[in-house]
Amino acid sequence: MRVSGFASLLALMASVVSLNAFSAEQPAASSTVNRAFEVAGIHLLCEQAAPLLQRGLPEALSQQYQASLNQQFAAQELCASLARDVQLTLNEEQLAKVTVLLDNPIAATMTEQERLATGPGPEGSLGLAAYRSKVLEQTPRGPRVDLVERLDSAAQTSALTSRLRYEVGKTQALLNLKAQGTGLSEEELSRQTAEQGRKLDEISREQVKIFLLYAYRRVPSETLQTYVELYEQPPVKALMRTVKDSLSHVFAERRAQLK
């Protein structure tokens, strides 16, 4: 999944679990990692951080920290930090292979199906809501479910979705504590929110599975199989896993800069 459904998935999760920037100069990201981020949809992930942070804060607190949040969690800066970590793990050849694998007609077709599933009307969000209700009554099984679960595992879609929500929630919790004149260390903040993180993981896996089954419902199984195999290629799996693992590190860096 090219992470293009993140905005919709995050909106679906927004009310389910509640969890009551880095000032050093960033190394320049190479054009290779930027292109890999583009075809994998990582830029779309970065764009969700600041809006999610602002949306979940009380108005007074949002206004108080608006400038700082916009600076520390701006999409471009967040992606630059992720790119820095990725370039420490993956070389240029691996990143170039990601672009070769994901910049193709099949990936474009699947991205379009995801876009349609998040749009308005009976073919979009309304249809997805009806499909979700049906699935809750009868759990789907079979080869199609196996394929979307393989895709989710390789693309880290549910893991990235829940990790972003979790890190946003931790940041909001820290800001609320700061507003009360207290605070927590990063280690203690993680310890006290660990259970919420596990709940988010469970919710995200189920919602991503339903979303993918709905979005790809008209896609032939052979095409879906091919798409899954693209994400199961080692360079793509390595990129998505590295981004997921780096997200907590990047957020922790930026939380430390909030005043």
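Model, not experiment: these values are computed from the prediction.
For the pair Arg254/Glu77, a side-chain contact is recorded, criterion being any heavy-atom separation below 4.5 Å from C-beta on. Side-chain contact between Phe211 and Thr118 is present, with at least one heavy-atom pair separated by less than 4.5 Å. Residues Lys209 and Arg205 fail the side-chain proximity criterion, which asks for heavy atoms closer than 4.5 Å. Put simply, the side chain of Leu175 reaches to within 4.5 Å of the side chain of Leu69, judged on heavy atoms. For the pair Thr89 and Asp85, the minimum side-chain heavy-atom distance is 4.5 Å or more. Here the side chains of Asn70 and Gln54 are in contact, with some heavy-atom distance below 4.5 Å.
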**OP:** Check the pair Ile42 / Val86 against side-chain contact (heavy atoms from CB on, under 4.5 Å), numbers first and verdict last.
**Re:** CA-CA 12 Å; Ile42 306 304; Val86 165; over 6 Å; no
**OP:** Determine, step by step, whether Gln207 and Ser158 satisfy the side chain to side chain donor-acceptor pair (under 3.5 Å) criterion, reporting the C-alpha distance in whole Å, the side-chain angles of both residues, the deciding distance to 0.1 Å, and the verdict.
**Re:** CA-CA 8 Å; Gln207 291 187 337; Ser158 63; over 6 Å; no
Subject >> Arg35 vs Glu38, side-chain contact (heavy atoms from CB on, under 4.5 Å): CA-CA, chis, key distance, verdict >> reply: CA-CA 5 Å; Arg35 181 60 180 148; Glu38 182 181 347; 3.0 Å; yes
Subject >> Test side-chain contact (heavy atoms from CB on, under 4.5 Å) applied to Phe37 and Leu82, step by step >> reply: CA-CA 10 Å; Phe37 272 25; Leu82 288 172; 4.0 Å; yes
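The distance from the NZ atom of Lys178 to the CG atom of Asn176 is 12.0 Å, given to the nearest 0.5 Å. For the atom pair CD1 (Ile210) and NZ (Lys134), the distance works out to 12.5 Å, reported to the nearest 0.5 Å. The OG atom of Ser204 sits 11.0 Å away from atom CZ of Arg163, with the distance rounded to the nearest 0.5 Å. With rounding to the nearest 0.5 angstrom, the CD1 atom of Ile203 is 12.0 Å from the OG1 atom of Thr161.
In this structure Glu123 satisfies the salt bridge (Lys or Arg N to Asp or Glu O under 4.0 Å) test together with Arg217, Arg218, sequence neighbours excluded.
Across every non-hydrogen atom of Ala159 and Ser162, the tightest pair is O-OG, 3.2 Å. Minimum heavy-atom separation, Met240 to Ala154: CB-O, 4.0 Å.
Under 3.5 Å, the side chains of Ser30 and Gln87 contain a donor-acceptor pair of N or O atoms.
Within the 3.5 Å criterion, the main-chain N or O of Glu167 finds a donor-acceptor partner in the side chain of Arg255.
With Val228 as reference, Arg150 is the one residue of Glu149, Arg150, Met110 to meet the side-chain contact (heavy atoms from CB on, under 4.5 Å) rule.
Salt bridge annotation for Arg191-Glu188: present, with a cationic side-chain nitrogen under 4.0 angstrom from a carboxylate oxygen. In this structure, Glu202 does not pair ionically with Lys199, as no charged nitrogen and carboxylate oxygen lie closer than 4.0 Å.
Note: Tyr227 and Tyr216 have perpendicular aromatic rings, judged against thresholds of 30 and 60 degrees for the angle between ring planes.
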